[in-house]
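The figures that follow rest on heavy atoms only: side chains count, while hydrogens, waters and symmetry mates do not. Each chain gets a letter, A, B and so on, in the order its sequence line appears, and its residues count up from 1.
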Amino acid sequence: MPELPEVETICWRLREGGQGEAPLRGRVITDVALADPGVVDGDSAAFVDGLRGARVQDIRRRAKWIIIDVDDRGGRRRRVLVHLKMTGDLHVRAGDERPRFERFAWELDDGARLCFTDPRRFGHVELLAADDDVEARFTALGPEPLDETFTARALRARLTGRRPIKASLLDQAVVAGVGNIYADESLWLARLHPTTPTNALSDDEVVRLHHGIRRALRESIAQSREALAWRYENRAAPSPFRVYDRAGGPCLRCGTTLSTTTVAGRTTVFCPRCQPPP
DNA sequence: CACGAGACCTGTTCGC
DNA sequence: TGCGAACAGGTCTCGT
């Protein structure tokens with residue numbers, strides 16, 4: 001499921017606790033339960049052994065990656081990278097719970113467990129070597145769209161080629177963390193048709209797109225509880241999204257029926273009136 | 001080189 | 001109600 005706002009919210013939830021969960025920071029991993037060794041990149045035995053006795057120091061996000069800093073039982077700083085891909089989730093559960101689709105879990109010193117669940121098994125986890133440079137893993141990623149340094153000018157500089165603008169938004173080297181949902185949300189806010197050639201955007205359109213990306217992501221993080229509840233628990237609740245999953249319904253701005261098309265192989269929803277073809 | 005299609009997996013939803 | 005087909009938020013790899 002997760003794009004930048006959902007991954008950000010999961011990191012926040014793990015860091016701060018809440019919703020019945022205790023904060024993960026400071027917990028010691030007493031054991032590792034590996035229900036599906038296939039989710040571990042690299043040596044799965046080293047993953048289990050390297051984390052046993054480790055203490056969690058921090059949980060961070062870069063693009064759609066979750067980075068967990070731990071100090072292993074020898075006191076060395078190690079990093080765990082988790083990518084949730086389409087259907088992964090990471091959450092703290094009571095010690096006696098065994099969630100459906102659990103792939104691995106860390107048994108914690110307070111009796112709880114950090115569970116990684118993923119029905120589709122696209123997600124992966126990796127324990128980096130002690131001397132591995134985390135940042136080096138992410139050099140191909142574009143800027144964080146919510147950073148102060150991500151300006152309209154910075155966006156413009158990366159918008160090259162004549163592929164559809166939606167394909168560019170899905171490219172993690174252009175903007176890190178945007179996926180199919182927030183690409184559609186951003187383009188609707190910017191009133192841009194998803195197939196507009198990237199290099200045909202005017203300066204004004206780039207400014208609108210820059211604004212749309214940041215607004216869509218910021219507002220989703222702010223409403224993250226709703227978004228998560230909608231995603232995971234209650235599809236009957238009102239959709240927190242402006243166009244995603246609303247095909248066939250009315251545009252929230254002009255009432256025109258929202259259309260779908262396929263761009264870059266992905267289902268794409270847009271308003272044919274607010275977002276006229278290029 | 002740039003771009004799109006296919007592959008990776010499996011659960012859920014849709015249509016007959 | 002049952003069953004197969006279509007579809008799903010991401011990212012790599014490969015072929016054109």
Given atom [atom1] of [X] and atom [atom2] of [N], what is their separation to the nearest angstrom?
X	N	atom1	atom2	answer
A/K85	B/dA7	NZ	P	16 Å
A/L170	C/dG10	CG	P	7 Å
A/R266	C/dA8	CZ	C1'	9 Å
A/L4	C/dT11	CG	C1'	16 Å
A/N199	B/dC1	CG	P	18 Å
A/E3	C/dA8	CD	C1'	12 Å
A/I10	C/dG10	CD1	C1'	14 Å
A/R137	C/dT11	CZ	P	15 Å

Looking at [X], I'd like to know whether one of its side-chain N or O atoms comes within less than 4.0 Å of OP1 or OP2 on [N].
X	N	value
A/H83	C/dG10	no
A/Q172	C/dT11	yes
A/K64	C/dG10	yes

Item to complete: Output yes when A/R76 and A/D71 qualify as a salt bridge under the 4.0 Å nitrogen-oxygen rule, no when they do not.
Response: no
Item to complete: For residues A/Y244 and A/Y182, establish whether the separation of their ring centroids is below 6.0 Å.
Response: no
Item to complete: Side-chain contact test, heavy atoms from C-beta onward, threshold under 4.5 Å: evaluate it for A/H193 versus A/F270 and give yes or no.
Response: yes
Discussion item. Does A/L192 form a side chain to side chain contact (heavy atoms under 4.5 Å, CB included) with A/E205? I'd like the steps, not just the answer.
Written reply: CA-CA 8 Å; A/L192 288 171; A/E205 288 171 330; 3.8 Å; yes
Worksheet item: Of all of residues 187-196 of chain A, which get a heavy atom below 4.0 angstrom from DNA chain B, listed by number?
Response: none
Worksheet item: For DNA chain B, what residues of residues 155-164 of chain A have any heavy atom nearer than 4.0 Å?
Response: A/G161, A/R162, A/R163, A/P164
Discussion item. Show me the dot-bracket string of DNA chain C, counting Watson-Crick or G-U pairs under 3.5 Å, with | for pairs to another strand and [ ] for crossing ones.
Written reply: .|||||||.|||||||
Can I get a per-line list of side-chain donor-acceptor pairs under 3.5 Å for residues 251-266 of chain A, giving both atom names and the distance, sequence neighbours left out?
{"unit_1": "A/R253", "atom_1": "NH1", "unit_2": "A/W188", "atom_2": "O", "d": "3.1"}
{"unit_1": "A/R253", "atom_1": "NH2", "unit_2": "A/W188", "atom_2": "O", "d": "2.9"}

Discussion item. Using a 6.0 Å cut-off, check whether atom CZ of A/R273 has over 12 heavy atoms from anything other than its own residue.
Written reply: no
Item to complete: Please check if atom CZ in A/R162 has more than 12 non-hydrogen atoms from other residues, nucleotides or ligands closer than 6.0 Å.
Response: no
Below 3.5 Å is the cut-off: list the nitrogen or oxygen pairs between protein and nucleotides 14-16 of chain C, distance only.
none

Worksheet item: Just checking, any donor-acceptor pair under 3.5 angstrom between side chains of A/D118 and A/T87?
Response: yes
Worksheet item: When you check the side-chain N and O atoms of A/H91 and A/R93, is any donor under 3.5 Å from an acceptor?
Response: yes
Worksheet item: Using the P atom in both, what is the distance from B/dA5 to C/dC7, to the nearest Å?
Response: 15 Å
Discussion item. If I pick the C1' atom on C/dC12 and the same atom on B/dG11, what distance separates them, to the nearest angstrom?
Written reply: 23 Å
Discussion item. Against A/K166, only a single residue in A/T196, A/D184, A/D171, A/T198 fulfils side-chain hydrogen bond (donor to acceptor under 3.5 Å, both in side chains); can you say which?
Written reply: A/D184
Provide a list of protein-nucleic acid N or O atom pairs under 3.5 angstrom, restricted to nucleotides 8-11 of chain B.
{"unit_1": "B/dC9", "atom_1": "O3'", "unit_2": "A/R121", "atom_2": "NH2", "d": "3.3"}
{"unit_1": "B/dC9", "atom_1": "O2", "unit_2": "A/R120", "atom_2": "NE", "d": "3.0"}
{"unit_1": "B/dC9", "atom_1": "N3", "unit_2": "A/R120", "atom_2": "NE", "d": "3.4"}
{"unit_1": "B/dT10", "atom_1": "OP1", "unit_2": "A/R121", "atom_2": "NE", "d": "3.4"}
{"unit_1": "B/dT10", "atom_1": "OP1", "unit_2": "A/R121", "atom_2": "NH2", "d": "2.7"}

Item to complete: Dump the intermediate steps for side chain to side chain contact (heavy atoms under 4.5 Å, CB included) on A/I67 and A/L81, then the final yes or no.
Response: CA-CA 5 Å; A/I67 306 166; A/L81 301 186; 3.8 Å; yes
Worksheet item: Is the A/W65 ring parallel, tilted or perpendicular to the A/H83 ring (thresholds 30°, 60°)?
Response: perpendicular
Practice prompt. Could you check A/T267 against A/A63 and say which one's nearest nucleotide on DNA chain C is further toward the 5' end?
Written response: A/T267
